[in-house]
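Notes to accompany the following structure.
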Amino acid sequence: NERKNPTMMDRSGLAFAALTAVALFGWGDASALSEKIYTPLTPVGVSKLLNIDGWIGASSLERGSIGYLYRIDDASQVDAFTKANGPFYNGEGYIVLLAQSVVSNKAAMKVLMFQSQLRGVLIYDDGRTAYSAGSTQPGYGSRLPPSNGTSWNPVGGGYGEQDEFGIHWTGLIQGPVFLLSAADSILLNNRYDSTRNLNSPGKVQPNMLGARLEFFMWAAGNAKMCLRRIAGGDVGSPFCLPLGGWSAVGSVDPTDHTKPAIMVAAPMDAVALFHDDCFGANAGAAALAALVATARVLTSGLTEAERSAATSNVYFAAFEGESFDSIGSTAFYSALMGSNFPSGRGAAVPSGITKWIEFGQLGSGKAVYMHNLNPAATAMTTNVLANVSSINASVAQLASAAASIASTPPSSFRKLASLPGRDSVVNPFAATGMEATLITETADTAFTNQFYQTRLDDAANIGLTNVSASTDPNFVALCSVVMGVAESLALDIGVSSPTARGRSAAVIAADCEVLVLGILQGLLLNSSQTAQSSNATGVAYVTGIAGDGSPINRYVSVFNAAVQSASEAFAYFQLGAALSLPTPLSSTDCANSESSSNYHTMRTSIVGDTQYCFNTSVFWQRALSPAFAEDGITYSITDTSGTYSTWVESTWDEANLDIFILQDAQEANALVGGGAVYAIVVALFVYGFNKKIAIGSDGTPPLSPNI
């Protein structure tokens, strides 16, 4: 609707009326807020995810969630919070300023999360109390087959009908949940201590500290419903998008995919309650480092001809999205069963893959267990353990025999073994003769990781610092495992032992330790770190991305058909350099190219550093769940059986957090009323005054120069 501009005198008079009302009565606000002290903070928020069963995570109201701050720094204070009841007049409630240690108390959190007066949560770090945001059976309820009731993650769980779900995997949180930075935590706690909130947080009074949390999630219902919603004729699915990305895969011999093959796998991604802080040191940054190091130890020094002469192939796969129903590995499985792995030309035969080695939670220096994932075929597990023990007798041991695959720890293999065949093609991972080994610090019945699927599974969780030495026991132990696995693989595929190529076991071990240290420091401490490992030909290993000096967040995020994430690029370049042919090429006129059926050039691109060029066998593998159909940038779910991942992520508005002094609701309403009455009276007086004096000789008001 069009509205005429007032005259200059109208404007000044009305402004005078409004300012006079403010001067006498203060700022009134129908929402009972008075922003007398206003401070914006920078939060990290919990987002909302959905699958065909429903949703998990949190969201603010679209206008933001508003409340008085109520600090809980001990689980014993939750009971008092249940009795706090305002009074509230306009939909506000309490924003809980919550110590991180309280989050680990499942009983207290279940009480807190269901309180009707709760409008949001601000978490601040008060130390490293053991807790896990993961479920007791990771994947249970998100489509990984249950493990015969074994609570592999006893620190996790606590939510759901049987307390099986971790807090990350629930939709029980009332309102938005933010993590405060260290600086914001200090500021907000100090501000809290100087207000009336400190001594009587449950009684709403004038001049109390409050907050507005804005992080609105547009998705609702479940994943299928969300993907069907199209706003205003927009192209695509604006309310949510599938999780996924790109796995990095490489091979010993890229020229022949019809050979029998062994898969060596590790997860690329990590997950935590706050998706901006997914580091996963123990689960599974160290596994990724072990995968890359194994590729290097196995192939280092082998010529193209020697690799071509191998009787079997080895695929090294860093699978993206394994935290969400094994997105990367099931995408690989779908391609394999559809005669499209690694491509439709000269594809690998499913029955040709007869062995599987998987790296799990590693790197903390605890005892390593070899889990035989198929009780019917044990030879490979026994051989790998023997080779590892010959290098370091104390580093690894055989886990107790499992009654079935379902009784083994969570793994990509366990998921694949549960999948149906396709048409007349039998699932090779469910075959009786499939040999499969999981190498992990997980003992017979439980994880040793006390921070599984939290942001505290970081460098400190595996004792890593920027000044760690490659000879630290953690890296020595991990490289003993790597060398034992590489020795077993060399024997299986008919190539020379790594120690028979002109390098001693001590030199190989030292090279591996430098490599593992560099990868872990790059992932967990400083993404601008340049990991280098030297041999007779000079530098043979470098990172492939220019980082910003902080850890790399390894949350999978949403699928993008055209772009790879920083963590995906990191893994791709690491694996590519490890699988390169012996002699580096000149970086002059070297360009990145890709082929899954031959060697190709790969050029590193480190800003401000030396450039390198390799001939390598690494390639990208799409990690989009087979449950999704793709039409341009529009997605739909075509498989609702729950066999494959249906996880999508909601789109959201920008996260904002404002803190300010809140007026008492009754006082604010009185101010609104008094100020409004006075403003009306003054406005009427000004209007009448203007009407009398602003008439021209022709009987019309003078024109404003603004018109």
If we ignore hydrogens and angles and just use 3.5 Å, is the side chain of [X] paired with the main-chain N or O of [Y] as donor and acceptor?
X	Y	answer
R501	S300	yes
R307	S251	yes
S389	L385	yes
T299	A578	yes
D269	S323	yes
S470	E513	no
H371	T442	yes
T601	A591	yes
R554	F279	yes
W246	N560	yes

For [X] and [Y], which heavy atoms make the closest approach, and how far apart are they?
X	Y	value
V618	E594	O-CG, 4.5 Å
L291	A266	CB-CB, 4.0 Å
V297	A486	CG1-CB, 3.6 Å
D458	A281	O-CB, 3.0 Å
V495	E306	CG1-O, 4.1 Å
G484	N387	O-CB, 3.4 Å

If you measure only the distance, is there a donor-acceptor pair under 3.5 Å linking the side chains of [X] and [Y]?
X	Y	result
E322	S412	yes
S625	S645	no
N466	N526	no
Y333	R422	no
N553	D277	no
N392	S394	yes
R414	T408	no
S596	R345	no
E441	N282	yes
S580	N615	no
N372	T378	no
S488	N383	no
N598	T255	no

Atom [atom1] in [X], atom [atom2] in [Y]: separation rounded to 0.5 Å?
X	Y	atom1	atom2	answer
Q564	Y572	CD	OH	8.5 Å
S364	N449	OG	CG	7.5 Å
S496	L491	OG	CG	11.5 Å
I327	W647	CD1	CH2	10.0 Å
N340	Q621	CG	CD	8.0 Å
Q450	D457	CD	CG	11.0 Å

Margin query: Does L520 form a side chain to side chain contact (heavy atoms under 4.5 Å, CB included) with F475? I'd like the steps, not just the answer.
Written below: CA-CA 10 Å; L520 291 177; F475 311 125; 3.7 Å; yes

Is there a side-chain contact between [X] and [Y] in this structure, where contact means two heavy atoms from C-beta onward sitting under 4.5 Å apart?
X	Y	value
L373	S411	yes
E358	V264	no
F614	F573	no

Next item on the list: Among D253, N313, T311, find the one that has a side-chain hydrogen bond (donor to acceptor under 3.5 Å, both in side chains) with K259.
Entry: D253

Next item on the list: Please lay out, stage by stage, how L523 and L288 fare under the test side chain to side chain contact (heavy atoms under 4.5 Å, CB included).
Entry: CA-CA 10 Å; L523 285 172; L288 186 58; 4.1 Å; yes

Notebook entry, point to check: Does any pair with a residue in residues 295-315 pass ring pair (Phe, Tyr, Trp, His ring centres under 6.0 Å), and if so which ones, sequence neighbours excluded?
Noted result: H257-Y315, Y315-F341

Notebook entry, point to check: What pairs meet the ring pair (Phe, Tyr, Trp, His ring centres under 6.0 Å) rule with one or both residues in residues 407-465, with sequence neighbours excluded?
Noted result: W356-F413, W356-F429, F447-Y452

Check: Could you walk me through whether L579 and F316 pass the side chain to side chain contact (heavy atoms under 4.5 Å, CB included) check?
Finding: CA-CA 9 Å; L579 287 168; F316 294 91; 4.0 Å; yes

Checklist line | Stepwise side chain to side chain contact (heavy atoms under 4.5 Å, CB included) test for S497 and E487 | finding: CA-CA 6 Å; S497 166; E487 190 68 41; 2.9 Å; yes

